[in-house]
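Here's the structure we're looking at; comments come further down.
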Number of protein chains: 2
Amino acid sequence: MKRKATINDVAKAAGVSKGLVSFALNDRPGVSPETRDRILTVARDLDYRPSLSARSLSTRTSYAFGLVIARDPEILGADPFFPSFIAGVERVLLHEGRALVLSVVADEQHEATVYRTLTADARVDGVFITDLRHDDSRIPLLRELGMPAVTLGRPEGAQHGDADAFPAVCLDDTPGIVAAAQHLIDLGHRRIAHVIGPRRMLHATRRNGAFAATLEAAGLPADLVIETDFTAAQGASATEALLDLADPPTAIVYGNDPMAIAGIGVAHERGLNLPGDLSITGFDDSELARYVYPALTSVRTDPLAWGEAAARTLLRLTTTGVADDVDLEPARVITRSSTGPVRA
Amino acid sequence: MKRKATINDVAKAAGVSKGLVSFALNDRPGVSPETRDRILTVARDLDYRPSLSARSLSTRTSYAFGLVIARDPEILGADPFFPSFIAGVERVLLHEGRALVLSVVADEQHEATVYRTLTADARVDGVFITDLRHDDSRIPLLRELGMPAVTLGRPEGAQHGDADAFPAVCLDDTPGIVAAAQHLIDLGHRRIAHVIGPRRMLHATRRNGAFAATLEAAGLPADLVIETDFTAAQGASATEALLDLADPPTAIVYGNDPMAIAGIGVAHERGLNLPGDLSITGFDDSELARYVYPALTSVRTDPLAWGEAAARTLLRLTTTGVADDVDLEPARVITRSSTGPVRA
DNA sequence: CTGAAAGCGCTTACAG
DNA sequence: CTGAAAGCGCTTACAG
């Protein structure tokens, strides 16, 4: 391991000042084409790579983005969203010389601390905000900290194109949930339950709103709603509670696949026939969905594309100061054999 | 947002040189107690936090660790290991002012590129090596790059306490697989198959060795072994292949839970009764394991503890230059209802 | 025990 | 079009 070449080595070898080397490398005007070529050649020959920490100190830029996830590790492990989302983010950052700094915290208490530390240390140039909540404390916090951010979905109250809002990268999940509900209605179901994620999360209530509207448009009540923390455990107990009802549902729509798969487990344990006695749908269309029995009808989003779009948007925001909202392909239902006609 | 206080502000306010401030803050000898107290008080009053990039430039330290995962996002999403492992890592890094830089790459080709970039940019002070492979190219690569590392498990050929080896943080999985196999043997199974992960991965062959030894010790052949890429898809097709055999197994041991759950799906699809017609075991004991039907017998490891131990070891290695190997509680089998006596 | 200074490796006005 | 210099905010020998 020989010493890494510095800008000084390049400058000396090229017979110019280091300022000029910096200009040439950063594609700034004011360098004659011949000089620029010579500098770039020398830099390549010396295998020169600018020091990140030196650049960071000069430019007050870390060349990294942050993702803070406030979820219990148990839930995180069951949820295929984040790995795919992160893979999408990486796919664009890798080529941009940016790194992803990841923080997993158990609760929303520690979350704020982490954001403050990331800011104080200038560890990242911007952050991704996932799992938007009602009255989300992260929005004012990050604004106060002056930390650029991109939200997954649009926060409450924000209008498309709000001047002072963080850019939003949106993947509308309501068409998926509407399609799932309508699919069940079309199959003749009249009592359809909804097992949702935590109500403090925006998408839980938004999806439930879409669900309820679809049922009501068909003249059906949307009164069977159970809130969970997204764990398979609570998916199972919600299913137990629903099936114990005097007038149990003939179909259950779940907020994620692990809960739906747990629901299948509970139904089988009770000797129910699927989808004959009970239809079940999931959400996220994880790989496992098509391999359980019966194969799970689920709502497909595209976390990888979401990650890519979010990364590109944050990159634009942090480099140019502005970035437009992005709308991705909405979610859609994937029909499999866990849903079927209601029994006569 | 007022300007952040710098070491100069503290020095001026305390009436000392900035060198002394640095000494006081870093707990170095040569500062009188009174002066140190005064400096620390002033620093607190000014809400002073040393600039990370300035420190990094001076000390050639990034105060961050790297984790490069070479897996298809699809597989990653189904596998609960990494989220828990990462949560464990975070739990110790958070209090040590270190950050985790995460890279997800699709294949082992890009892996080397990422390690080179992380090193060239001095983006991290050390890395975690997970999913050890046979003849693992990362070991010589990182040694060549001079990048400190900690391995999860001991690499091939390395002896406990090798002077020049990277510290290994080990969680022995063979007791778990041995117990699973023995459990099936005790239940009277004579034809037991093993659906393993990629053979290039150390743990796949190591576990299969333990599996085979257990069967052979009981006078049983261990000839039914199918290699997969760890996806539920290949777990399902391996199950199909096994059940299509003229003399199919009465029990199948899977290398992870998603494959085992897919196996349950295939068995149910064929109208088999579990565990009457077929016993099934998984690996990792994911949350879902206990909520599928029948509840899945699985092998439990502790990824969270693994993450914590790995982080502490890497921290010690990068700060002191040496770190001992660590042995964690070995894996053990958790018996549930997907395994039962072989049918008469 | 304390201070003044050099150095880490960049970027960026400022002169010429 | 090019050079010399200051500055980013720390750490660390070196003197005293």
Side-chain angles (χ1 to χ4, degrees), chain A residues 2-40 42-43 46-64 97-98 119-123 125 318-319, chain B residues 2-40 42-43 46-64 97-98 119-123 125 318-319:
Chain A
K2 42 186 211 298
R3 201 177 58 82
K4 263 194 66 176
T6 73
I7 197 171
N8 252 322
D9 302 328
V10 177
K12 262 173 215 152
V16 296
S17 71
K18 43 183 209 164
L20 208 56
V21 174
S22 176
F23 271 56
L25 258 48
N26 294 317
D27 268 339
R28 296 181 49 145
V31 190
S32 71
E34 309 83 61
T35 315
R36 176 184 307 270
D37 277 356
R38 184 157 41 93
I39 292 174
L40 293 181
V42 169
L46 263 49
D47 196 25
Y48 170 68
R49 296 197 45 122
S51 150
L52 199 68
S53 46
R55 293 191 72 192
S56 292
L57 182 56
S58 280
T59 60
R60 300 164 181 286
T61 304
S62 67
Y63 304 97
R98 257 72 171 183
T119 307
D121 288 350
R123 184 73 88 164
D125 303 325
T318 52
T319 51
Chain B
K2 43 186 207 301
R3 197 178 61 82
K4 261 192 67 175
T6 73
I7 197 171
N8 252 322
D9 301 328
V10 178
K12 261 174 216 152
V16 297
S17 71
K18 42 183 212 166
L20 210 55
V21 174
S22 176
F23 272 54
L25 259 48
N26 294 317
D27 267 339
R28 295 181 49 145
V31 190
S32 71
E34 309 82 62
T35 315
R36 177 185 306 271
D37 277 357
R38 183 157 39 94
I39 292 174
L40 293 181
V42 168
L46 262 50
D47 197 25
Y48 169 68
R49 296 199 43 124
S51 151
L52 199 68
S53 47
R55 293 191 72 191
S56 292
L57 183 56
S58 282
T59 61
R60 301 165 180 285
T61 304
S62 66
Y63 304 97
R98 258 72 172 184
T119 307
D121 288 351
R123 183 74 86 164
D125 303 325
T318 52
T319 50

Between [N] and [X], is there an OP1 or OP2 to side-chain N/O distance shorter than 4.0 Å?
X	N	result
A:T35	D:dT2	yes
B:Y48	D:dC10	yes
A:R60	D:dC8	no
B:S22	D:dT11	yes
B:N26	D:dT11	yes
A:R55	C:dG9	no

Using whole Å, what does the distance between atom [atom2] of nucleotide [N] and atom [atom1] of [X] come to?
X	N	atom1	atom2	result
A:D37	D:dT2	CG	P	12 Å
B:N8	D:dA6	CG	C1'	14 Å
A:R28	C:dT11	CZ	C1'	8 Å
B:L25	D:dC10	CG	P	9 Å
A:K12	C:dC10	NZ	P	12 Å
A:L52	D:dG9	CG	P	17 Å
A:I7	C:dT12	CD1	C1'	11 Å
A:F23	C:dC14	CZ	P	12 Å

Between [X] and [Y], which heavy-atom pair has the shortest distance, and what is it?
X	Y	result
B:L46	B:A5	O-CB, 3.7 Å
A:R123	A:S62	O-OG, 3.1 Å
B:Y63	B:S56	CD1-OG, 4.1 Å

- request: Please tell me which of B:L20 and B:L57 maps to the more 5' nucleotide of DNA chain D, matching each residue to the nucleotide holding its nearest heavy atom.
  value: B:L57

- request: Identify whether any heavy atom of A:R36 sits under 4.0 Å from a base atom; if not, whether one sits that close to sugar-phosphate; answer base, sugar-phosphate or nothing.
  value: nothing

query: How is A:S51 classified with respect to the nucleic acid when contacts are heavy atoms under 4.0 Å: base, sugar-phosphate, or nothing?
result: sugar-phosphate

message: Given the structure, check if the side chain of A:S32 and the base of D:dC1 hold any donor-acceptor pair shorter than 3.5 Å.
response: no

query: Looking at C:dG9, does its base get a donor-acceptor pair with the side chain of A:S53 below 3.5 Å?
result: no

field: Side-chain heavy-atom pair B:R55, B:T61 within 4.5 angstrom cut-off
entry: no

field: Pairwise side-chain contact, A:T6 with A:D9, heavy-atom cut-off 4.5 Å (strictly under)
entry: yes

message: For D:dA13, give the paired nucleotide (Watson-Crick: N1-N3 plus N6-O4 or O6-N4; G-U: N1-O2 and O6-N3; both under 3.5 Å), or none.
response: none

If you only use heavy atoms from C-beta on, which nucleotide in [options] is closest to the side chain of [X]?
X	options	result
A:P33	C:dC10, D:dT2, D:dC1	D:dC1
A:P50	D:dT12, C:dC10, C:dT2	C:dC10
B:A54	D:dC10, D:dG3, C:dT11	D:dC10

- prompt: Any donor-acceptor pair under 3.5 Å linking the side chain of A:R38 with the backbone of A:A14?
  reply: yes

- line: Contacts of B:S17 and A:K18 projected onto DNA chain C by closest heavy atom; the upstream (5') one is B:S17

